[in-house]
Enquirer: 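Sharing a structure, written as structure tokens. Questions coming.
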Amino acid sequence: MKISLNNREVEFDKDNLSVNEILELKKLSFRMRVIKINGVLIPKDRYDSTIVKDGDNVQVLYLMSGG
Amino acid sequence: MKFSEIKDHLSQFRIGIAGAGGLGSNCAVALARSGIGTLVISDFDIIEPANLNRQYFFVNQIGMLKSVALKENIARVNPDTTVIAHTERLNESNIPEIFAGCDIVVEAFDRDDMKEMLIGTVQTRMPGIPLIIGSGVAGWGKNEKIRYRKIDDTLYVCGDESTSADADQPPMAPRVGIVANMQANTAIEILMHNKHL
């Protein structure tokens with residue numbers, strides 16, 4: 001499948017991956033972050049149950065301390 | 001467009017600022033100078049000497065509540081901007097009440113977990129309200145890393161999204177100020193498009 005990840009087209013061999021699987025495959029782990037899929041915020045406890053599908057717009061926003 | 005017209009337009013709006021530290025104090029002052037009608041500023045903390053390396057406060061304000069001191073400073077910059085100062089600690093239940101009626105909310109916290117909490121709360125309990133995040137302000141230099149990103153009509157990010165504040169990479173006036181002013185600039189851009197008020 002092809003998805004848009006932070007406005008870049010990214011291809012995966014498999015269809016229908018969970019949010020956690022996408023994070024693992026793209027090595028986006030271990031940081032404080034917020035994820036939106038097609039404009040909807042995904043709560044952290046639903047990263048395993050939320051499935052990303054072909055054509056989805058996935059936005060990962062990193063939160064860094066300091067202000 | 002003349003500045004007097006811009007100011008008149010911006011005077012109709014109300015912006016919420018979550019945190020009155022480095023990001024919040026500088027962003028609020030930039031918005032007040034631009035003529036925003038009302039700022040709702042919330043911070044529970046008091047001013048400490050270490051804050052003066054980046055926050056819009058003065059030596060004689062050390063020990064004061066940040067939101068109260070910022071209200072005082074904004075009154076000296078632009079008395080036409082109304083400031084509503086809140087001094088309670090923000091959480092999931094009081095955020096929607098405190099920022100009710102705001103056209104935009106600016107995230108200006110220090111800690112990453114608080115930023116996450118605010119995003120979750122505003123995006124789910126205040127649907128449609130644009131939220132402007134500051135993320136990645138620590139250290140110095142690296143101008144080329146600082147960026148602005150529109151995620152969608154309700155979520156905008158300013159900062160490098162990569163540097164985290166720590167003992168060797170403290171938040172300092174120049175980079176924090178750049179991002180705070182980018183947040184203010186984003187708010188103005190959103191409001192200048194908003195003609196229907």
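Because the structure is predicted, anything quoted here is derived from the model rather than measured. Note on naming: letters A, B, ... go to the chains in the order of the sequence lines (proteins, then strands), and numbering restarts at 1 for each one.
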Enquirer: So which atom in A:Gly66 and which in B:Ala165 form the shortest heavy-atom distance, rounded to 0.1 Å?
Expert: CA-CB, 3.8 Å
Enquirer: Side chain, backbone, both or neither: which part of B:Arg175 has an atom under 4.5 Å from a heavy atom of chain A?
Expert: neither
Enquirer: Return yes if some donor-acceptor pair links the side-chain N/O of A:Ser65 with the main-chain N/O of B:Asp112 below 3.5 Å, else return no.
Expert: yes
Enquirer: Any side-chain heavy atom of A:Leu63 within less than 4.5 Å of one from B:Glu107?
Expert: no
Enquirer: Spell out the residues in residues 13-23 of chain A that have some non-hydrogen atom less than 4.5 Å away from a non-hydrogen atom of chain B, in order of number; otherwise answer 'none'.
Expert: none
Enquirer: Is there a side-chain contact between A:Gln59 and B:Asp152 (heavy atoms, below 4.5 Å)?
Expert: no
Enquirer: Check for me, please, whether A:Ile42 and A:Val10 land in the same ILVMFWY cluster - side-chain distances under 4.5 Å, paths through other members count.
Expert: yes
Enquirer: Check whether any side-chain N or O of A:Arg33 sits under 3.5 Å from a backbone N or O of B:Glu116 as a donor-acceptor pair, and report yes or no.
Expert: no
Enquirer: Go through the steps for A:Lys36 and B:Gln123 under the test side-chain contact (heavy atoms from CB on, under 4.5 Å), then give the verdict.
Expert: CA-CA 10 Å; A:Lys36 291 186 91 170; B:Gln123 295 259 286; 2.5 Å; yes
Enquirer: Following the transitive rule for hydrophobic clusters with a side-chain heavy-atom cut-off under 4.5 Å over Ile, Leu, Val, Met, Phe, Trp and Tyr, establish whether A:Tyr47 and A:Ile51 coincide in one cluster.
Expert: no
Enquirer: When rounded to the nearest 0.5 angstrom, what distance separates CD1 in B:Ile133 from CE in A:Met64?
Expert: 14.0 Å
Enquirer: Just checking B:Gln169: does its CD atom have more than 12 heavy atoms from other residues, nucleotides or ligands closer to it than 6.0 angstrom?
Expert: yes
Enquirer: Enumerate the salt bridge (Lys or Arg N to Asp or Glu O under 4.0 Å) contacts for residues 134-149 of chain B, please, sequence neighbours excluded, ordered by first and then second residue.
Expert: B:Arg147-B:Glu161, B:Arg149-B:Glu161
Enquirer: Ignoring hydrogens, what is the shortest heavy-atom contact between B:Pro171 and A:Gly67? Give both atom names and the distance.
Expert: CB-O, 4.3 Å
Enquirer: Indicate if B:Leu52 and B:Phe58 have the same hydrophobic cluster label, given that clusters are the connected sets of ILVMFWY residues with side-chain heavy-atom separations under 4.5 angstrom.
Expert: yes
Enquirer: Hey, could you give me the CG/CD1 distance between A:Leu61 and B:Ile119, rounded to the nearest 0.5 Å?
Expert: 5.0 Å
Enquirer: Measuring heavy-atom distances to chain A, does B:Thr163 have an atom under 4.5 Å in its side chain, in its backbone, in both, or in neither?
Expert: backbone
Enquirer: Answer yes if B:Met172 and B:Val179 sit in the same cluster of Ile, Leu, Val, Met, Phe, Trp and Tyr residues linked by side chain heavy atoms under 4.5 Å apart, and no otherwise.
Expert: no
Enquirer: Is it the side chain or the backbone of B:Asp113 that comes within 4.5 Å of chain A heavy atoms, both, or neither?
Expert: both
Enquirer: Indicate, with yes or no, if B:Leu118 and A:Val40 share a hydrophobic cluster defined by side-chain heavy-atom contacts under 4.5 Å among Ile, Leu, Val, Met, Phe, Trp and Tyr.
Expert: no
Enquirer: State whether the number of non-hydrogen atoms from other residues, nucleotides or ligands found under 6.0 Å of B:Lys150 atom NZ is greater than 12.
Expert: yes
